[in-house]
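First the proteins, then the strands, lettered A, B, ... as listed; each starts at 1. Computed from a prediction, not measured in an experiment: that's the story for all the values here.
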Amino acid sequence: MTTSDPLHILRDRFGFPAFRTGQRELVDAALAGRDALGVLPTGGGKSLCFQVPCIALPGLTVVVSPLISLMADQLRRAREAGIQAQAIHSGLPPAQRDQVGRAAAAGEVELLLVAPERLLAPSFEPLIPLLHVSLLVIDEAHCISCWGHDFRPAYRELGRIRHRLGAPVQALTATATPKVRAEIEEILGFRRPVRFVGSFDRENLLWAVRPARSPAERNQVLYDLVHRAPGARLIYAATRKRVERIRASMARRGLRTEAYHAGLPEGERTRVQAFFMEARRPLVVATNAFGMGIDRADVRLVVHDQLSGSLEDYYQEAGRAGRDGEAALCVALRGPGDGGIHRAFLDRTHPPIRSPGELVRLWRSGDLGSRLERRHAQLAKLRAVDRYAGTKGCRRRVLLGWFGERRSGPCEGCDRCRGWPGVLGAIGSR
DNA sequence: CGCCTTGTACCTAGGTACAAGGCGGTGCCCTAGT
C-alpha cells in the first residue's frame, strides 16, 4: 500500500522516527504548492525536505545543483531511498542524456538533477513543455547571490525558468544572511513564501585569529597548529600558488600533505578527495575549490592562511570542522596586506566606474543603481571580514551577528572570550 | 595588495639590478575543427 502521508514516508522509506526542526515546515510547504526558503545548518537534513515531497507528489521534482559531484551525491542518496532519480550533465554520454530526457518526459523519472546552465541550454528547451514538474528545488541557493552576478549568470535566470516550469520552488542553503535571503526570494519571484531559518550557532566550534607577518612565519604557525591537531585537518589558502607553497613547506617539515585546487587534473582531484575522506588523519591544503560535498565528520581543525572574501564564505569553509559535534577549531591567520587579493578580485568582478562616459552609459541604461549597489555590497562583505579579524570582543558574536543572529555574554568558545591557550587546548592534541 | 614575469639599461657580452605591468579564486556548458 502506498501513502502520501509525509510521516509515513519518513518512517517507511528513510527509517527516521520524526522530522527534525524545519523539515516538516518545508515538506508541508512543498505539498501545499507554496514557495519556501529553508536555511538549515550543515548536517540539518536538507535532502529530506525535497525527497519526501518527491515521493508524496505525482510528477517530477527538479533539483538544481551547482556541481556535478553534488549531483552524484544526491543521486546516490535518492536511489538509496528507492526514488527513481536521474541526472543530466555534461559528464554523461550524449546518448544517455537523451535517454534520461525521454524517460523524464514519459513520466518515468521522479527526481531529476541538473545544473542551472542546463535549464537554459538550447538542448533542454524542447524538453520543458513535456515535463510535469511538481517541485523545483534550488540546492545551495546562496549561489544565486554569491555567483549570479558574474561567475555563473545562469543563477540569475532561475526566476524566469521557474515560471516556465510552472512549479513551486524550494530554495535550500546552509549559509545566508538576511540580505542574501531577500535576494534569493526576489530573484526566484517568491510570493507569500514559507520561511524556515535555523540557528547558525554551532557550540562545538571554537573560533580564533592568530597573527603572522610573512609567508615564512605563516608557514611556521600553520605547521605548529597542524602537526599537533588530532583528526582530519584542512588548510585554506587564497591562491593556487600559495597552496603549492604551503604543501611544499609542510612536506619539508615531514608532514604528508596533499594539495587541491581547480588547476589540478580531474584524477588528481578525485584522489585527494578520497585521501581526505579515508586517511586516518589527513592533511589537505586547498583553495576554495575544495569542500562542497565533502562530508567528513571528524575534521578537528580548519586553518585559513588568509581569511575569505566574505563571512559567508568563511563560515561555509570553516564550518566543515566538527560535523561530529565534538570540539573543533577554526583558526584564521592575519597579517599585513590581508584582504588585498579579495579587493583585487572585487575590482574584476564588480569593477568601479572608470570614466564619465561609462557613468552616462550606465545611467541611460538604468543599470547604474544596481551596479553601484552590488559593488557596495561586496565592499561591505570585505569590511565585515576585517571586523571579524580585528574585533576586541567576542568573535562568535560578530560572526552570528552577520547572519542576523543576536547573542549576548561571553561564548567560552573563541580566543577573545576564552583566551588562545583555552581554545587550542579544547581540541586536545595527538 | 603582493607576486612573478618581462623588459630595459648598463656597456661592450652576458650577467645584474631594478622598473613596469599583469595576474591572482570558484564551474557549468558543448561549438567547431583536429
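- For the residue pair Thr173(A)/Glu140(A), the side-chain donor-acceptor check at 3.5 Å is not satisfied.
- Residue Ala344(A) is classed as a base contact, given a heavy-atom separation below 4.0 Å to a base.
- Contacts of Arg242(A) with the nucleic acid, taken as non-hydrogen atoms under 4.0 Å apart, are absent.
- Across the interface with DNA chain B, nearest-nucleotide mapping of Thr287(A) and Arg245(A) shows Arg245(A) to be the residue nearer the 5′ end.
- Glycosidic conformation at dT12(B) (O4'-C1'-N9-C4 for purines, O4'-C1'-N1-C2 for pyrimidines): syn, within 90° of 0.
- Using a 4.0 Å heavy-atom cutoff across all strands shown, Thr349(A) reaches at least one base atom of the nucleic acid.
- The main-chain N or O of Val169(A) is found under 3.5 Å from a side-chain atom of Asp35(A) such that the two form a donor-acceptor pair.
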Quiz item: Going through the checks in order, is the side-chain contact (heavy atoms from CB on, under 4.5 Å) test met by Leu26(A) and Phe50(A)?
Solution: CA-CA 8 Å; Leu26(A) 291 160; Phe50(A) 59 82; over 6 Å; no
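- Between the side chain of Tyr236(A) and the main chain of Phe290(A), a donor-acceptor pair closer than 3.5 Å is present.
- Within the 4.0 angstrom heavy-atom criterion, no nucleotide atom of any strand lies near Ala154(A).
- Both the sub-6.0 Å distance and the 45° axial angle are not jointly satisfied by Arg118(A) relative to the ring of Phe124(A).
- A donor atom on one side chain and an acceptor atom on the other are found under 3.5 Å apart for Gln220(A) and Arg253(A).
- Counted by atom type alone, Ser365(A) and Arg361(A) present zero donor-acceptor pairs between their side chains at under 3.5 Å.
- By the rule that a glycosidic angle within 90° of 0 means syn, dT31(B) counts as syn.
- A distance of about 24 Å separates the P atoms of dC29(B) and dG24(B), rounded to the whole Å.
- Of the residues listed (Val285(A), Val299(A), Leu301(A), Thr257(A)), the one engaging Arg233(A) in a side chain to side chain contact (heavy atoms under 4.5 Å, CB included) is Leu301(A), and it is the only one.
- In DNA chain B, runs of at least 3 consecutive Watson-Crick or G-U pairs, each pair with both distances below 3.5 Å, span B:1-10 with B:15-24.
- Ile341(A) comes within contact range of at least one nucleobase, with a heavy-atom separation under 4.0 Å.
- Contacts of His342(A) with the nucleic acid, taken as non-hydrogen atoms under 4.0 Å apart, are absent.
- Protein chain A contacts DNA chain B over a range whose 5' and 3' limits, counting nucleotides with an atom under 4.0 angstrom from a non-hydrogen atom, are dC1(B) to dC30(B).
- Using a 90° window around 0 for the glycosidic torsion, dA9(B) falls outside it and is classed as anti.
- Across dC10(B) and dG14(B), the matching C1' atoms stand 12 Å from one another, rounded to whole Å.
- dT12(B) and dT16(B) have their C1' atoms separated by 15 Å, given to the nearest Å.
- Distance noted for atom P between dG22(B) and dT26(B): 23 Å (whole Å).
- Within the nucleic acid shown, Arg218(A) has no heavy atom closer than 4.0 Å to any nucleic acid atom.
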Self-check item: Check against side-chain contact (heavy atoms from CB on, under 4.5 Å), Leu234(A) and Val303(A)
Solution: CA-CA 6 Å; Leu234(A) 187 50; Val303(A) 199; over 6 Å; no
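- Separating the C1' atom of dT5(B) from that of dC11(B) is a span of 24 Å, rounded to the nearest Å.
- Ile68(A) comes within 4.0 angstrom of the backbone, heavy atoms only, and of no base.
- Taking the ring centroids of Phe276(A) and Tyr260(A), they lie at or beyond the 6.0 Å cut-off.
- Base engagement by Arg152(A) is indicated by at least one non-hydrogen atom pair under 4.0 Å involving a base atom.
- Residue Pro66(A) is in sugar-phosphate contact alone, with no base atom involved, counting any heavy-atom pair closer than 4.0 Å across all strands shown.
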